[in-house]
Amino acid sequence: STELMQRTELAKKLIDADADVRSRLLAENAKLADMRLAAAIRDECIAAWSSDPERVKRCVAAARSLVKVDGDALVLANADWTGGIGEIVRGRFESAVGRLENAGRAFSDAGNEIDAAQTKVATLLALAMLGRYDDAIATGLAAIPILTKYGDELAAGKIEMNLSNIV
């Protein structure tokens, strides 16, 4: 839809902008500053995760800026998810687990089962990096049936691959 395209474009502009431009863009596009914009920023972060740590950092900053104008629980959850990935990229795995678990809980509380499960892809990785293998395995095994139920074979596959690496 056009609205989705607008949010995706706005997400990219926010990520590429400096703090001042970001504030102006959010003020000018107040009607688009919502949970769906937060999800678009998060998606950009996930896409950049393995190849562009600098872009991940910019995604985290954009997500934080959005929280300042819309403190909705799911906007915050997406910022935590993005922030958790940012912490993984910086090698701060303990902090990453905390942020990602907060995000997962918020999505769960909102009845958003699929996003809650998708946060576990990153959580599992952070737990494994901390040597918390039992927690990582439990996290992955809890997520797979939900991801499969919603047809997210890619995320389920990533978890299965990570689980096999742990084992």
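Just the heavy atoms: all of them, side chains too, but no hydrogens, waters or symmetry mates, feed the values below. Computed from a predicted structure; not experimentally measured.
- The nearest pair of heavy atoms linking Val60 to Gly83 is CG2-CA, 4.1 Å.
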Donor-acceptor list for residues 125-132 side chains, cut-off 3.5 Å, not counting sequence neighbours:
from	atom 1	to	atom 2	distance (Å)
Arg132	NE	Asp135	OD2	3.0
Arg132	NH1	Glu94	OE2	3.4
Arg132	NH2	Asp135	OD2	3.0

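- Judged by distance alone, with hydrogens and angles left aside, the side-chain atoms of Ser164 form a donor-acceptor pair with the main-chain N or O of Met161 at under 3.5 Å.
- Residues Gln118 and Ile114 are in side-chain contact: their nearest non-hydrogen atoms beyond the backbone lie under 4.5 Å apart.
- Each of Phe93 and Val121 belongs to its own hydrophobic cluster when Ile, Leu, Val, Met, Phe, Trp and Tyr are linked at side-chain heavy-atom distances under 4.5 angstrom.
- To the nearest 0.5 Å, the span separating CG on Asn78 from CD1 on Ile41 amounts to 8.5 Å.
- Hydrophobic clustering places Leu76 together with Leu37 (ILVMFWY residues linked when any side-chain heavy atoms are closer than 4.5 Å, directly or through intermediates).
- Between Val69 and Ala33 the shortest heavy-atom distance is CG2-CB, 4.1 Å.
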Apply salt bridge (charged side-chain N to carboxylate O under 4.0 Å, His left out) to Glu44 and Arg55, showing your working. CA-CA 9 Å; Glu44 291 292 318; Arg55 187 161 180 79; 3.3 Å; yes

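- Across all non-hydrogen atoms, the minimal contact from Ala136 to Leu163 is O-CD2, 4.1 Å.
- The existence of a salt bridge linking Lys13 and Glu9 is excluded, since no basic side-chain nitrogen approaches an acidic carboxylate oxygen closer than 4.0 Å.
- The structure places OH of Tyr150 at 4.0 Å from CD of Glu113, a figure rounded to the nearest 0.5 Å.
- Follow the hydrophobic side-chain contacts under 4.5 Å out from Leu147 and you reach Ile137 in the same cluster.
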Leu100 vs Val97, side chain to side chain contact (heavy atoms under 4.5 Å, CB included): CA-CA, chis, key distance, verdict: CA-CA 5 Å; Leu100 292 161; Val97 169; 5.9 Å; no

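- Here the straight-line distance linking atom CD of Glu3 with atom CZ of Arg36 works out to 5.0 Å at 0.5 Å rounding.
- Here the closest heavy-atom approach between residue Ala96 and residue Gly84 is recorded as CB-O, 3.4 Å.
- The CG atom of Asp70 sits 13.0 Å away from atom OG of Ser65, with the distance rounded to the nearest 0.5 Å.
- Residues passing the salt bridge (Lys or Arg N to Asp or Glu O under 4.0 Å) test with Glu101: none are found, sequence neighbours excluded.
- Val21 is connected to Val67 through a chain of hydrophobic side-chain contacts under 4.5 Å among Ile, Leu, Val, Met, Phe, Trp and Tyr, so both are in one cluster.
- Within the 4.5 Å cutoff, no side-chain heavy atoms of Val56 are placed close to those of Arg90.
- With a 6.0 Å radius and a threshold of 12 heavy atoms from other residues, nucleotides or ligands, Asn165 has its CG atom above the threshold.
- Cluster annotation: Leu141 is connected to Ile166 through the hydrophobic network of ILVMFWY side chains, with a link wherever side-chain heavy atoms come within less than 4.5 Å.
- If you take NZ on Lys158 and CD1 on Ile144, they are separated by 13.5 Å, rounding to the nearest 0.5 Å.
- Across all non-hydrogen atoms, the minimal contact from Ala17 to Arg22 is O-NH2, 2.7 Å.
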Tell me, with the steps shown, if Asn102 and Trp81 meet side chain to side chain contact (heavy atoms under 4.5 Å, CB included). CA-CA 8 Å; Asn102 285 345; Trp81 189 348; over 6 Å; no

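- Separating the CG atom in Leu66 from the CG atom in Leu14 is a distance of 7.5 Å, to the nearest 0.5 Å.
- Not a single donor-acceptor pair under 3.5 Å links the side chain of Asn112 to the backbone N or O of Ser108.
- Checking Arg99, Arg105, Arg42 one by one against Asp80, the salt bridge (charged side-chain N to carboxylate O under 4.0 Å, His left out) holds for a single residue, Arg99.
- Residue Arg7 comes nearest to Asp34 through the heavy atom pair NH2-OD2, 2.7 Å, listed as atom of the first residue, atom of the second, then distance.
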